[in-house]
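A short worksheet on the structure shown next.
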Amino acid sequence: MIVVMAAGLSANLTANPFAAVTTITVQIVGLLTGDQEFDSPKTLAAFALGLVLFTVTLVLNITALQVVKKYREKYD
Amino acid sequence: MTDSLANDIRLRRRYQAERRFRIYGITATASGLLFLGVMLVSILIIGHSAFRQSFIKLDVTFDPEVLQIGDKTDEESLRYAHFQGLIRVALREKFPEVTDRRELRELYALVSRGAADVLCEILIDDPGLMGQRHTYWLPASDDMDLFVKGEIKSSAPEIERQLSDRQIEWAERLTSDGLVDLRFNTAFFTTGDSREPELAGIWGAVKGSFYTLLVTLALSFPTGILAAIYLQEFAPKNPVTDLIEVNINNLAAVPSIVFGLLGLAVFLNFFHMPRSAPLVGGVVLALMTLPVIIIAARAALLAVPPSIREAALAVGATPMQTVFHHVAPLALPGMLTGAIIGMARALGETAPLLMIGMVAFIADIPQGVTDPATVLPVQIFLWADSPERAFMSKMAAGIMVLLGFLIAMNLIAVVLRHRFEQKW
């Protein structure tokens, strides 16, 4: 949430950490706060972004679980 | 000889490495504390002035002619009466030399628009005051308030401050006549949001947060505890439960805004639940805190030694009796701690609530879980976005209130853990 207040709104494809960029959360908030029809492209784009966030965390979590399974040592 | 010398050098290096590591650790902790201190101090510096509000002393005559209501004194007609006029007359009496229309408008701008409502309430409480003259302390406008608190400096060029030279002169005259007073701002703790900074209060948001958390707690605590007990004590170990475990871990890590999207799609669009209501906010936050509570409760159950279960089973208890008579009571402090920390997280959450419309401007104080409401962090977000300068201190004061609640909740969690914790 902090990014909504701190990060910018300019969608910028850059590797420079000092350039103004935006985040997925900011984009979702920007797309959805306001008056739109539920099936408008804007709303659907917000849901697509949400799906991306969900998938990325799912992949990270599965990877983490694999790592834990591989290196966990049982003592009892 | 050379051997022991090499040994000495190696020993000294090892001690040095120990010392360096300790210094790194202390530096990290100290810088963390320093940042925390800077944050708290800056919030205090910006926010302390919001707890005080300046009032102007005015002699008000309840003149039915100015009120434009004839001889009616029932509540209905008083609500529509022209109380703004009473304040204007009182101000004109104080500054008889001001006659120009534009100057008069600047003069009226020194008193808050809420002052008329204050007079209205006074007269409704006691209609016998009609026609009498009394002295009241009425709230000043936000710019006047900033001037009294010294945040608008008369030394700044006129174009760069919100008050004109004339207004500053009048304000200084009022101050030197002893007609301006800084008092504790009770309105901040009793009213809802407002477009006028001097009238805006936090109570609507506090009540909204309360109702939202009530719904969250009622839904997520029993569900979370039962799910944790089942998964930890009864569920067989197979690919299905593995999948559930991965999913719970994943849901605990998903950015909270995804839950807001879910609430928007399912609760608002499909079930047509009321928009901006604490009910929907509470359900969404319950879904968000559920995985946190489940994980904490499972960890607490895991910490209960197997010997307790074996002992209960050995004397003939059923698996359910074992869990509910012996294991769950021992794990309860850990479960409660997890639940309170989950609640504290829900209290500070903004992003999912933006999605379900709890970001609307709501001046009324919610009276139930289906009334439109806003919550503390969203209120802070709204104030931070407002252009009026006086909202800056309101925002910081709102942060203080929110931090107070969070500290209290976490303190309860710590105390519970210390009081009921068992060591094996």
Side-chain angles (χ1 to χ4, degrees), chain A residues 1-12 17 20-76, chain B residues 39 242-270 272 275-276 288 291 295 302 305-307 345-361 375-378 380-385 395 399 402:
Chain A
M1 182 56 211
I2 184 73
V3 291
V4 178
M5 293 176 90
L9 276 168
S10 51
N12 211 351
V21 289
T22 184
T23 65
I24 295 184
T25 316
V26 173
Q27 288 304 316
I28 296 179
V29 171
L31 285 167
L32 276 183
T33 43
D35 275 329
Q36 289 116 33
E37 284 297 307
F38 193 77
D39 51 359
S40 78
K42 268 187 156 185
T43 315
L44 297 180
F47 277 87
L49 286 173
L51 194 64
V52 169
L53 271 187
F54 186 83
T55 326
V56 169
T57 46
L58 187 65
V59 169
L60 280 177
N61 260 298
I62 291 173
T63 324
L65 208 74
Q66 297 300 325
V67 171
V68 168
K69 263 194 184 158
K70 193 168 175 194
Y71 292 103
R72 176 150 56 190
E73 292 174 17
K74 284 212 162 169
Y75 296 106
D76 48 4
Chain B
M39 188 190 85
D242 270 354
L243 187 74
I244 292 175
E245 178 154 8
V246 172
N247 264 301
I248 289 173
N249 284 335
N250 186 42
L251 285 179
V254 158
S256 52
I257 197 154
V258 173
F259 290 97
L261 289 173
L262 174 107
L264 175 66
V266 177
F267 301 128
L268 291 189
N269 201 51
F270 189 72
H272 297 289
R275 214 165 266 269
S276 307
M288 200 195 78
I295 290 172
L302 197 67
S307 54
R345 205 188 132 189
L347 176 64
E349 201 54 69
T350 333
L353 302 178
L354 296 184
M355 297 294 96
I356 54 161
M358 287 189 92
V359 71
F361 170 77
V375 293
L376 275 169
V378 175
I380 292 164
F381 176 69
L382 283 171
W383 281 343
D385 261 5
M395 176 200 80
I399 293 175
L402 180 62

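Residue numbers begin at 1 in each chain, while the letters A, B, ... track the order of the sequences.
Looking at Leu264(B), the atoms closer than 4.5 Å to chain A (heavy atoms on both sides) sit in the backbone and in the side chain alike. There is no contact between Ala252(B) and chain A, counting heavy-atom distances below 4.5 Å. The parts of Val254(B) that come within reach of chain A are both its backbone and its side chain, each placing non-hydrogen atoms under 4.5 angstrom from that chain.
Chain A forms the most heavy-atom pairs under 4.5 Å with one residue out of Val246(B), Asn247(B), Asn249(B), and that residue is Asn249(B).
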In residues 49-68 of chain A, what donor-acceptor pairs under 3.5 Å come from side-chain atoms, sequence neighbours left out?
unit_1	atom_1	unit_2	atom_2	d
Thr55(A)	OG1	Leu51(A)	O	2.5
Thr57(A)	OG1	Leu53(A)	O	3.1
Thr57(A)	OG1	Phe54(A)	O	2.8
Asn61(A)	ND2	Thr57(A)	O	3.2
Asn61(A)	ND2	Asn250(B)	OD1	3.2
Thr63(A)	OG1	Val59(A)	O	2.5

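With Val29(A) as reference, Ile257(B) is the one residue of Ile257(B), Val359(B), Thr350(B) to meet the side-chain contact (heavy atoms from CB on, under 4.5 Å) rule.
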